[in-house]
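Step one of this worksheet: look at the structure below.
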Amino acid sequence: MESEESVAALLAVAVRSVLGVAEAPVRLRAWDGTVAGPEGAPVIGVRTPRALRRLVWAPGELGLGRAYVAGELEIEGDVFATLSALTSAGRLAVAGPPPAPTLRDRLGLVRTAARLGALGPEPAPPPEEVRLRRFGRRHSRARDAAAIAHHYDVSNDFYALVLGSSMVYSCAVWESPATGLDAAQEAKLDLVCRKLGLVPGARLLDVGCGWGSLALHAAQRYGAHVVGITLSAAQAELARRRVAEAGLADRVEIRVQDYRDVPDGPYDAVASIGMAEHVGAAGMAGYVRTLHALLRPGGRLLNHAIAWNAGSPGWDPDTFITRFVFPDGELLDLAGTVSALEDGGLEVLDVEALRRHYALTLRAWVERLEKHWDHAVSLAGPGRARVWRLYMAASALAFEAGKLGVNQVLVQRPGGDPPPMRRRDWV
């Protein structure tokens, strides 16, 4: 029987304090080699007392996330099974702000840390944690550019490793789980083009164009003339190279530009795929107003965005996602998005939910990352690779649990061609 005074057993006490549960849902392997916790449960290795010190200062998902990114904790088995065990047992959430530990639990955590010699000054955050305060108020142009650079200017080669040849960093559309990632992403790009009603010569504005995949697809398959905009210089560099290699420089232009600064409307169609999450609730009215003005009468906008399905949406500066992944990112619920689009004078043509499709997409990305782990670490560093593994796996579980959704909302600016009589004329 394991000693109740072993390092691992005391760590299990600390985990119970953090999660607010009677028994730790994972098995712990301590830095001294002792082990404690339920037989057969997922194993977490605690490599150093510094991990426990981080929990004293940030008792919850942020402290655990910092310790994992810093390499002070190790998920020794399946990342999905480990996160499922942690999030189903207590206060941690797979998305959104979890409730804070009680004062009693915090005091118990401090006592355990004292017994293990883990008390001390707060450790410096890992370098992968973002600091945006010096860039001013949230969603100013300068701060939005800094937030985008933090997430996207990592390494184009790293993203290629995770995303595959499609280079699409948003939810794919799967005919079945056996479809395959590249085919599912091509299906999504084609669905977007059909929903927007693209025809040869149509002008398309791709807001948040990433590495140019939608722009290339729209120009090659539909004969559209596309302007793609991004705030990421690294994305724009690769997108322009892909456009040149495809011989489409006469039909596709890639700009490093804020959507609020686009001067050359009107466009026949606007695609906003995975970009509205960076706008925030306070900025939605201005976002819709700007895109409305960039559309010709009768033109269509497709807004593809993740939605928060578990209660009132909001922004929390102290979650792992906010600190490490999407600084200043903010999710709306579907009702809030539709209301903002309608309040901005746009007519809703269709709403399609793709929640299960995003779970499959994220699992495929995690599989690619883990398969090529050593190469990923060489490209982006061990901390960044750990951030991506943790956030993508946790997000997949959140989509599977229904806490997150993703929706394509198709709207039209009134005044031109009337909406189609045929329902879903893009099918």
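All residue numbers refer to positions in the sequence shown, counting from 1.
With respect to Asp268 and Arg203, no salt bridge is recorded, no charged nitrogen being found less than 4.0 Å from a carboxylate O. Between Arg27 and Glu39 there is a salt bridge, since a side-chain N of the basic residue sits under 4.0 Å from a carboxylate O of the acidic one. Under a 4.0 Å N-O distance rule, the pair Arg384/Glu128 does not qualify as a salt bridge.
For the residue pair Tyr222 / Asp190, a side-chain donor-acceptor distance below 3.5 Å is found, with atom types taken as modelled. If you check the side chains of Ser272 and Tyr259, you find no donor sitting under 3.5 Å from an acceptor. Between the side chains of Ser213 and Arg242, a donor-acceptor pair is found at a separation under 3.5 Å. Looking at Asp157 and Ser155, their side chains never bring a donor and an acceptor atom within 3.5 Å of each other. When only modelled atom types and interatomic distance are considered, Thr230 and Trp211 share no side-chain donor-acceptor pair under 3.5 Å.
Formation of a donor-acceptor pair under 3.5 Å by the Gln235 side chain with backbone atoms of Ala239 is not found in this model. A donor-acceptor pair is defined here as one N or O able to donate and one able to accept, closer than 3.5 Å; such a pair exists between the side chain of His357 and the backbone of Trp174. Not a single donor-acceptor pair under 3.5 Å links the side chain of Thr34 to the backbone N or O of Ala30. For the pair Arg53 (side chain) and Ala118 (backbone), a donor-acceptor distance under 3.5 Å is present. For Arg16 (side chain) and Ala24 (main-chain N/O), no donor-acceptor pair under 3.5 Å exists by modelled atom type. Without hydrogens or angle criteria, Arg368 side chain to Leu161 main chain gives a donor-acceptor distance under 3.5 Å. Thr361 places a side-chain N or O within donor-acceptor distance of the main-chain N or O of Ala172, the cut-off being under 3.5 Å. Arg386 places a side-chain N or O within 3.5 Å of a backbone atom of Tyr68 that can act as its donor or acceptor partner. One N or O on the side chain of Gln185 and one on the backbone of Ser170 form a donor-acceptor pair closer than 3.5 Å. Proximity of a side-chain donor or acceptor of Arg240 to a complementary backbone N or O of Ile254 within less than 3.5 Å is detected.
Residues Glu277 and Ala305 come closest through the heavy atom pair OE2-CA, 3.4 Å. Listed here is the closest heavy atom pair of Ala359 and Glu400: CB-CG, 3.5 Å. Across all their heavy atoms, Ala58 and Arg66 have their closest contact at CB-NH1, 3.9 Å. Taking all atoms of both residues into account, the shortest heavy-atom contact from Val226 to Ala215 is CG1-CB, 3.6 Å.
Few gaps surround CD on Glu370; more than 12 heavy atoms of other groups in view lie less than 6.0 Å from it. Heavy atoms from other residues, nucleotides or ligands lying under 6.0 Å from CD of Glu122 number more than 12. Heavy atoms from other residues, nucleotides or ligands lying under 6.0 Å from CZ of Arg356 number 12 at most.
At a threshold of 4.5 Å between non-hydrogen side-chain atoms, the residues Val15 and Ile44 do not count as touching. Within the 4.5 Å cutoff, no side-chain heavy atoms of Arg54 are placed close to those of Leu73. Counting heavy atoms from C-beta on, the side chains of Leu109 and Leu52 come closer than 4.5 Å. Between Glu61 and Leu86 the shortest side-chain heavy-atom distance does not fall below 4.5 Å. Contact of the Val411 side chain with the Asn303 side chain is not registered, since no non-hydrogen atoms from C-beta on lie closer than 4.5 Å. The side-chain heavy atoms of Leu354 and His304, taken from C-beta on, include a pair separated by under 4.5 Å.
Between Phe324 and Tyr391, the ring centre distance reaches or exceeds 6.0 Å.
Checking Phe158, Trp365, Tyr358 one by one against Tyr169, the ring-ring contact (aromatic ring centres under 6.0 Å, His included) holds for a single residue, Trp365.
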